[in-house]
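Here the structure comes first, spelled out in structure tokens, and everything after it is commentary.
Per chain, numbering begins at 1; letters A, B, ... match sequence-line order.
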Amino acid sequence: MTILLGALTAPAAAQEPWFVDVASEAGVDFTYRNGMAGRFWFPEIMGGGVALLDYDNDGRLDIYLVQGGLMPGTAGDQKAAGGDRLFRNESFRDEDGRWVPRFRDVTRAAGIEAHGYGMGVATGDYDADGFTDLYLLNLGDNQLWRNNGDGTFSDVTGTAGVNDPGWSVSASFADLDGDGREELVVANYADYTVARNKECRSALTSQLDYCSPSTYAGVPDRLFHNLGDGRFEDATARAGLGDVARHGLGVIVADLDYDGRPDIYVANDGDPNSLWLNEGGLRFRDEAFLAGSAVNADGMTEAGMGVDAGDYNRSGAKDLFVTHMRAETNTLYRNEGDGWFTDVTSSAGLGVPSLSYTGFGTAWTDVNLDGWLDLVIGNGAVTLERDLVEAGSDFPYHQRNQLFLNEGNGRFREASEAAGPAFAVPNVTRGAAVGDLDNDGRPDVVFSNIEGPAQVLMNRMEIAGHWLGLELVDASGRRHATGSFAWLLDADAPPYLRHARADGSYASAQDPRLRFALGDSAAPRAVRVRWPDGSDEEFRGLAADRYHTLTQGEGVAVEGAR
Amino acid sequence: MNKRPGIMLGALWCVLLLGAGGPVRASDATIPTADLGGFPAPVQAAITAARSSLEEALAEPGQPDRQALAWGQYGDVLFVHELLAQAREAYARARALQPDNQSWAYLQALVEVGANDPAAATAFLDEVLELAPDDVPALLRRGRMRLEAGQPDLAARDFERARGLAPQAPAALAGLGQVALAGERYAAAAEYLEQALALDPAASQLHHSLGMAYRGLGEIERARYHLERRGNRPASIVDPLFDAVRSKSRSSQFYVEMGLDLAATGRLEDAALAMQRAIQLDPDSRPALLNAGELLARLGNTAASRMVFERLVSLDPDDSRAWFYLGQLDELEGEPETALERYGRALAADAEESDARLALADLMFSRGDFRAAAVEYQRLRDGAGRVEEQTLYGLLLGASLLGAGDCERALAAAEQTLQTTGQAAVELTAMVVRLRATCGRNEPARRQAAVVLAEALYQQVPGQVSAEALAMAYAAAGSFDEAVELQMQAIFEALKSGGLEGRPDLRENLQRYESGQGAAAAYAPEHPLFSARRLGS
């Protein structure tokens, strides 16, 4: 069966925006407060993230938004900013079948009291009980909130042994040693405390401004080994991560060299990126330089912020996209299939359009269901935007966000304008998470903005084709099998794979489900799944236009790699 | 693919894009203005002066050339201070008055590069090359723009033409190398890039591309060699017009950056002059003062250097870096007591000033105050982020403890460092061997462990250091024939490298092994670990 995907994408007439911000109407009333008071403390410009997770297993994605507040060590009531918020998805379809967005703030009922100076959030199921847990990354102590399964969470940071008192931004839960339990990788940023804050100024005008990361020393990332009894051990030194102190911001875990073991990739700000190849036994070796993913094609170190991995060219290998600062391009590293990468930013058409923006949150996602992964990018400056200063802005760092459509030939074209006003409104975006909030197969986007309202962007593209959604679950039937991937068996070349993951972007967590575009056929489909342990199973007769939960061990076991 | 084509303007601000696109009439006399509030006084003065000159020129009609020049000069000072929108308009006015002068179009292109608009920059470069097809800087910059825009074939044409006009232009060869690399023609890429690097060895950025080319050719070790040497300096473009415009900067920071660039290419005197200019423009500029002080010291002008650092600490008594440099100057001038005090001031201001701590520890070590040195080396080792640093500090910690007569603690420190770093650093591993071979009495298990480790080291890295260590281990274990053979080899290696002269202990140990005795100590005082102030730095 041939899938004519490109032909079926029927982006609506120009008058209809592709994305509509429903945050206000849905009840997601949230603004990331950075506590700025004219001192330009460095962390003010770096937070915060957003997670999409189904915390109550009702089949609908909920939203978790990280809050900043007052800088640690400063006078004032840190709780005044309100802390992080958990919004339960209580949306419904009305009598006309129209989806009515409704989210309710259930933070208090959930028992979450997160009043640290928040940066990011990661989701996972560290205790494999089938309920998604939360790891919160702060300037200061981090927190692990265990999902109790009854709508509440408990702070288990102390007993779990996963605190990091420094400045952490992003994290990833992933089974790194193949024992079925998720380790925790934490990207740490800089050796900063308010007490040691340094004053930085614009080199040209001497105006106070935020510092560059080089003002403060980088710090090693952390790896916590899951012991399986609710506790973790700090395996940073043993893993080899403790040898390298850089300014880590974004992190993803994926098997990038296809040796069957998940690797760690960290986007570093002003330092070479790290590609920690998994050598087994929780030992890692940084091979980013030889792999071609440490710096850009010119050999220049860039200001790595957000990162995501996805197979944009349907080669079967996961490629990397890293967002960067203004006057640098964002960078697309194409995986040559063996974990060696080539910077193809320019030939992909992604370089020039990013020069004027500072990118943070980003995600690969097929927004128009044409079978090719597109790119969503959240932008916001980190140094003064001169035109905004002259216009009298009290927080002159706003930039618009961007959407790039994959043309299926290795090139992308910017479609931010068609995406609608929600992408045009300037914000200081940091976190970006992608997921299907209304379960219609079309990926939606949530942006978290500094000193601006969070945006819940519903994908309203008119798409003619059908789709197939998958939720991959491990053999226990409970835990998301992140790290596994699936491919459509009846698709023609090029291969059509999708990977299960909840990490990536910047300080954020994604919908772990997979979606395939099916074109004009609504016939039941078959997929093969490669589980994290390397075993393959086939699942057949999967009806289109809905999500299916595929559990390891319930498919038909098959031999041999694709 | 050069994404920052050598326009070193510091922070590239996005400014309001005034008058982009449409033709500019020469008769339109409105002068673009900028809010100069916040700019340093020298910058304000330069812009105001250029504006006054322009107003004077505009007051005398019928002199288009003079007016064009005045517009251009006004554009220059706006451009170098990153007032790009206003510079764009000023150059457009100049060009409207002198449409056949390609310099204005070229400067318009540079403004667009600074404004992150490569398409507009390329369009202006097209115009330059219509007027002056042999303009090499324009060809090179357009080639880079085209490469960045994903047009390698068009870029190759520009680089080829530039090479035809200027065969020794490293940027042309580098561009051709980049084009070849983008097309996965790795052998050609390596050839071009090697040629470019030979012409411009300071173009450290090329090492990365060369590394990628060798990776593509499967030459992994050569790839690693070049990747380790990667830097941020692109191949240079000889560009007198751009240099002339840049020299109009009145920004202190600009001259600091220029000085750093010059220093990176070894032009220390020119670098010092640039820093001096930066200080003239902003007498309190910490980066300018710090760099000037260091450059003057490197040039041997310690008196002037001292004055600069003393000014820094007068501006900020907690400037740890300045205190550190003052300590270095004191050491150079034979004032160790004062140096110790300066390093103490540096560390009091910033306990993480690791250079000051290392200097302090080294100084203590060289004065024989081994216990105090050990405390500092241990702090350095425990706080070090990189394996190389941990290894070096661990080695020095071991040496200090040994110097203090505590062989057991020295062994424990060396073993712990080796275990933490997990890497077979030759000197450190040799230290563990030597200490296992000599610490304590009647320790056969320890002596055997020394042999095992020493054999592995020797097998992995045969040479003087490993041969000496293995000889010592064999002697300690009673295998004197083997010890003699290895010690002879170590002596031979020392002879080859010219290092035998200062090492009488090599022969002394040989004699001991020949007479059936082990080494008297892990290290003799003449060993470089003790005779040199610092090891491995």
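- Heavy-atom distances place the side chain of B:R230, and not its backbone, under 4.5 Å from chain A.
- Defined by atom type and a distance below 3.5 Å, a donor-acceptor pair is present between the side-chain atoms of A:Q402 and A:N379.
- B:Q151 does not touch chain A: none of its heavy atoms, backbone or side chain, sits under 4.5 Å away.
- Looking at A:F341, only its backbone comes within 4.5 Å of chain B, counting heavy atoms on both sides.
- For B:R381 and B:Y393, the side-chain atoms include no donor-acceptor pair closer than 3.5 Å.
- In this structure, A:Y216 and A:N197 have side chains that are in contact, with non-hydrogen atoms separated by less than 4.5 Å.
- Contacts of A:E287 with chain B are made by side-chain atoms alone, with heavy-atom separations under 4.5 Å and no backbone atom involved.
- A side chain to side chain contact (heavy atoms under 4.5 Å, CB included) with B:H207 is found for exactly one of B:M212, B:R229, B:E228, B:R233, namely B:R229.
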